[in-house]
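Notes follow once the structure below has been shown.
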Amino acid sequence: MTTSRETAEKRAESGPAAGAPPSSRDLLARMGARYGLLAVWALLIVVFAVLNADVFLRPLTAQTIASTKAVVAILALAALVPLVVGQFDLSVASQFGLAQALCAGLIVKQDLPAWLAPLIVLAVGAVFGLANGVLVAVVRINAFVTTLATGTLAVGLTQWYTGGGQIIGAFPGSFTGAGRSSAAGVPLPFVYVIVIVLALWALLEYTRWGRRAFAVGGNERASLLSGINVRRMTITSFVIAGVIAGFAGVLQVTILGAASPEVGAQFLLPAFAGVFLGAAVLRPGRFNAWGTVIAVYFLATGITGLQQLGAPFYIEQFFNGCALLLAVAIAQFSAQRRRRAAAAGRARERPAPAGA
C-alpha cells in the first residue's frame with residue numbers, strides 16, 4: 001500500500017516533476033549529497049599525503065587502518081539495523097565487551113574448542129538482542145531506556161565473569177590467525193567487514209524484510225495499517241544487531257589474543273558517528289550499510305593522519321564527537337529538505353479550485 005505522502009516523497013527524491021528535465025543545479029546538488037563525503041575523503045588523503053608522504057603513503061598505513069578499525073565498522077553495522085526500523089540500540093558496545101570476555105573465557109578458562117566458543121558467543125548475542133527486542137516491541141519500553149539498562153547489565157556481567165581482570169592465555173594459532181592474517185595483502189578483519197556489509201546491503205535493499213524495515217522506520221503507524229508486523233520487524237532487528245555485536249567481540253579476541261573488562265564503552269561513539277555520518281552519503285537521509293563503512297574509514301583516515309602529524313592522543317574523541325554532531329545536523333537538514341520537497345509535490349498534485 002503506497003500513500004500519497006510516500007508517492008510525493010519518492011517524486012521529490014527523483015527530482016522535478018515528470019516531463020521536466022533536471023537542471024544542472026539539481027544534478028550538482030544531488031551528486032554532492034550522494035558523493036560529497038567520498039570527495040572530502042579523497043581530499044583528506046591528498047592533504048595527508050602531501051604533508052606526510054613518507055609515513056602516510058606506506059601500504060602499512062592502509063593495512064593498519066583497515067585492520068584496526070574493522071571492529072568499529074562491524075559495531076557500526078550492528079547499530080545500523082535497529083536504526084533502520086526507527087530504534088536505538090545503545091547496548092551494542094556493551095554486548096561487544098561481554099562477547100569478547102565470554103569468548104576468551106570459554107577458551108582459556110573452560111577449555112572449550114576454539115570453534116565452539118564463537119558459536120556460543122553468537123548465540124548469547126542473539127538471546128541478548130531478543131531480550132532487547134521483546135522489551136521494546138512487546139513490553140513497549142522506550143528503546144533508549146531499554147538498551148541503556150541492558151547495556152549496563154552487560155557491563156556488570158562482564159565485570160563478574162572476568163573478575164575485573166584481563167583474560168590472557170594460550171589461544172590456538174588457527175584462532176588468532178583468523179584475526180591477524182591477510183589474504184593477498186588485505187587484512188582478514190577487513191574482509192569480514194566487506195562480507196557483513198554485502199550481506200546487510202543485500203538484506204536491506206533487495207529483500208522484502210529490508211523494504212518493510214525502512215517502511216517501519218519511516219512511519220510505524222502507516223506500516224501497521226498496511227499489514228506489516230512491526231513487532232516482529234523490531235525484534236528481528238535487535239537480534240541481528242546482537243549477533244553482529246557478538247561477532248565483533250570474537251574478532252577482537254582473535255586480533256588481540258586477550259580480553260579486557262574495560263573494553264566496550266569507547267566503541268559506542270565511533271560506531272554511532274559512523275552510522276549517522278554514513279546516512280549522509282550514497283543514500284542521503286537514509287541509513288545504509290555502504291555509507292556506514294565509508295564513514296567509519298573516513299573518520300579513521302582523518303584520525304590516523306592527524307596522529308601521524310603529531311596530534312595529541314585525545315584528538316580521536318574530538319574528531320568523533322564533531323563528526324557525530326555534523327552527521328546529525330546533516331541528517332536533520334536532509335529530512336527537512338525532503339519534507340519541503342514532498343509538501344511541494346503534494347501541492348502540485350492538488351486539483352485547481354473550481355472556476356479558476
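Note that the structure is a prediction, hence the values are computed from the model and not measured.
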Starting from the C-alpha separation in whole Å, work towards a yes-or-no answer on ring pair (Phe, Tyr, Trp, His ring centres under 6.0 Å) for Phe276 and Phe287. CA-CA 7 Å; Phe276 279 96; Phe287 296 114; 5.4 Å; yes

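- Note that the CD1 atom of Ile45 and the OG1 atom of Thr61 stand 11.5 Å from one another [nearest 0.5 Å].
- When all heavy atoms are compared, the tightest approach of Asp111 to Val108 is OD1-O, 3.6 Å.
- Under the 4.5 Å side-chain heavy-atom criterion for Ile, Leu, Val, Met, Phe, Trp and Tyr, Leu102 and Leu153 are members of distinct hydrophobic clusters.
- Residues passing the side chain to side chain donor-acceptor pair (under 3.5 Å) test with Trp201: none are found, sequence neighbours excluded.
- Using a 30° and 60° split on the angle between ring planes, Phe56 and Phe48 fall in the tilted class, from 30° to 60°.
- Across Leu148 and Thr152, no two heavy atoms sit closer than the pair O-OG1, 2.8 Å.
- Figure legend: cation-pi geometry between Lys109 and Tyr161, with NZ or CZ positioned under 6.0 Å from the six-membered ring centre and within 45° of its axis.
- Taking OG1 of Thr234 as the reference point, atom CD of Glu220 lies at 6.0 Å (rounded to 0.5 Å).
- Listed by chain and residue number, nothing satisfies the ring-ring contact (aromatic ring centres under 6.0 Å, His included) test with Phe144 (two or more places apart in sequence, or in another chain).
- The side chain to side chain contact (heavy atoms under 4.5 Å, CB included) with Gln87 is formed by just one residue from the set Thr147, Asn142, Val136; it is Val136.
- Looking at Thr64 and Thr304, their side chains never come closer than 4.5 Å, going by heavy atoms from C-beta outward.
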Under the criterion side chain to side chain contact (heavy atoms under 4.5 Å, CB included), I'd like the reasoning laid out for Phe238 against Phe128: C-alpha separation, chi angles, the key distance, then a yes or no. CA-CA 8 Å; Phe238 279 105; Phe128 211 102; over 6 Å; no

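- Here Tyr297 and Phe190 bring their ring centres to under 6.0 angstrom of each other.
- Contact record, Ala93 with Gly264: CB-O, 3.1 Å, taken as the closest heavy-atom pair.
- In this structure, Thr162 and Ala101 approach most closely via the heavy-atom pair CG2-CB, 3.6 Å.
- A continuous path of Ile, Leu, Val, Met, Phe, Trp and Tyr side chains, each step under 4.5 Å between heavy atoms, connects Leu277 with Val40, placing both in one hydrophobic cluster.
- Within a 6.0 Å sphere centred on CH2 of Trp209, other residues, nucleotides and ligands contribute more than 12 heavy atoms.
- The minimum heavy-atom distance between Gln95 and Asn132, with the atom names listed, is NE2-ND2, 3.6 Å.
- Counting all heavy atoms, side chain and backbone alike, Ile74 lies closest to Ala248 at CG2-CB, 3.8 Å.
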